[in-house]
2 protein chains.
Amino acid sequence: MTGFPQEKIHEATRALRAVAHELRLAVLCHLSERPMTVSELQAATGAVQSNLSQHLAKMRLMGLLTCERHSQQVTYRLADPAFARLTETLKSIYCSPTGAACPGEDPPSKRSTL
Amino acid sequence: MTGFPQEKIHEATRALRAVAHELRLAVLCHLSERPMTVSELQAATGAVQSNLSQHLAKMRLMGLLTCERHSQQVTYRLADPAFARLTETLKSIYCSPTGAACPGEDPPSKRSTL
DNA sequence: ATAGAATATGAGCACATTCTAATATTGTCA
DNA sequence: TGACAATATTAGAATGTGCTCATATTCTAT
């Protein structure tokens, strides 16, 4: 675990929790490309307004995003461009040219190896 | 969100959930370096046996790890070496030389920006 | 066969998450 | 001011997680 002190693990875990959700990951992906308003995100993800708003709030509180209002619209963006590396990495793992990581599909029923 | 189809997002989300926990992330970090037995992981993380075992099981079911038994010991390893990229990325974000990503500390109380 | 070491599993409580539906807030425009 | 658009917040039920403690399983060695 070279060079990953417990304290940093704690911080990293917060970010992971903030992203460990289909809708939130989708949002992160979109915002990794460019800042977007809530309505744009809503259109892009197909999420229900109040639900999306809640997830955006959580991501903001978790330190992933920041936002600013422009009259009636609120634009969200990555709090740090470094977070885009996360989606890049995930893409590299799951959409890799070498087709890596093909986990055991959703729980087959239980008990597999061993 | 170029090149990250909903279906892949779903898969990636499973992996993220599997890692979005301090103990599990620590385990992933250790196993990113080399395969380890349960007792080694136990010593390395200081976790309670049954608790660790449960987390390992979850990570295995989620497709992150595989394991094999050698007499009484069970050795766990990354199901795909590509998963090590995840810990690498997190390290690059949180232990970066440029000190990036300094989120707003654990929930101050609530309500910040806006 | 028995005992002990290394792991796994199950029960159950406490607490966190997620979703929906309803309502509140903020800003624009006629 | 009143109505409408864009977002946010609240409430509450449903579901999921994580932990501990007790117990089961698997091997090995005597």
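What you see is a predicted model; the values in this text were computed from it and never measured. Every heavy atom of this structure was used, including side-chain atoms; hydrogens, water molecules and symmetry mates were not.
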Peer 1: Under 4.0 Å between a side-chain N or O of Tyr76(B) and OP1 or OP2 of dA6(C)?
Peer 2: no
Peer 1: Send over the distance from Arg14(B) CZ to dT17(D) P, rounded to a whole Å.
Peer 2: 11 Å
Peer 1: Looking for any heavy atom pair under 4.0 Å, which part of the strands does Ser53(A) touch: base, sugar-phosphate only, or nothing?
Peer 2: base
Peer 1: Leu65(B) CG to dT7(C) P: how many Å, rounded?
Peer 2: 15 Å
Peer 1: So, Ser92(B) side chain and Thr89(B) main chain: donor-acceptor pair closer than 3.5 Å or not?
Peer 2: yes
Peer 1: Does Thr66(A) offer a backbone N or O that forms a donor-acceptor pair with the side chain of Arg60(A) under 3.5 Å?
Peer 2: no
Peer 1: Over how many whole Å does the gap from Leu56(B) atom CG to dT9(C) atom P extend?
Peer 2: 11 Å
Peer 1: Is any NZ, NE, NH1 or NH2 atom of the basic residue among Glu88(A) and Arg85(A) found under 4.0 Å from an Asp or Glu carboxylate oxygen of the other?
Peer 2: no
Peer 1: Which nucleotides of nucleotides 13-23 of chain C have their base under 4.0 Å from a protein heavy atom (B), which only their sugar-phosphate (S), and which neither (-), written as one string 5' to 3'?
Peer 2: ----SSBBBB-
Peer 1: Rounded to whole angstroms, how far apart are CZ on Arg69(B) and P on dA8(C)?
Peer 2: 7 Å
Peer 1: Once you round it to whole Å, what is the distance between C1' of dC19(D) and CD of Glu22(B)?
Peer 2: 14 Å
Peer 1: With distance as the sole test, does His30(B) use its side chain to make a donor-acceptor pair with the main-chain N or O of Ala26(B) at under 3.5 Å?
Peer 2: yes
Peer 1: Do NZ/NE/NH1/NH2 and the carboxylate oxygens of Arg34(B) and Glu40(B) come within less than 4.0 Å?
Peer 2: yes
Peer 1: Between His70(A) (NE2) and dT7(D) (C1'), how many Å, whole number?
Peer 2: 15 Å
Peer 1: Between Thr13(B) and Ile9(B) (side chain of the first, backbone of the second, donor and acceptor by atom type, cut-off under 3.5 Å), is there such a pair?
Peer 2: yes
Peer 1: Looking only at side-chain N and O atoms, does Ser71(B) come under 4.0 Å of OP1 or OP2 in dA6(C)?
Peer 2: no
Peer 1: Within this structure, what is the CE-to-P distance between Met36(A) and dA6(D), rounded to whole angstrom?
Peer 2: 15 Å
Peer 1: Expressed as a whole number of angstroms, how long is the span from Gln72(A):CD to dC29(C):C1'?
Peer 2: 9 Å
Peer 1: Between the main-chain N or O of Arg17(B) and the side-chain N or O of Arg24(B), is there a donor-acceptor pair closer than 3.5 Å?
Peer 2: yes
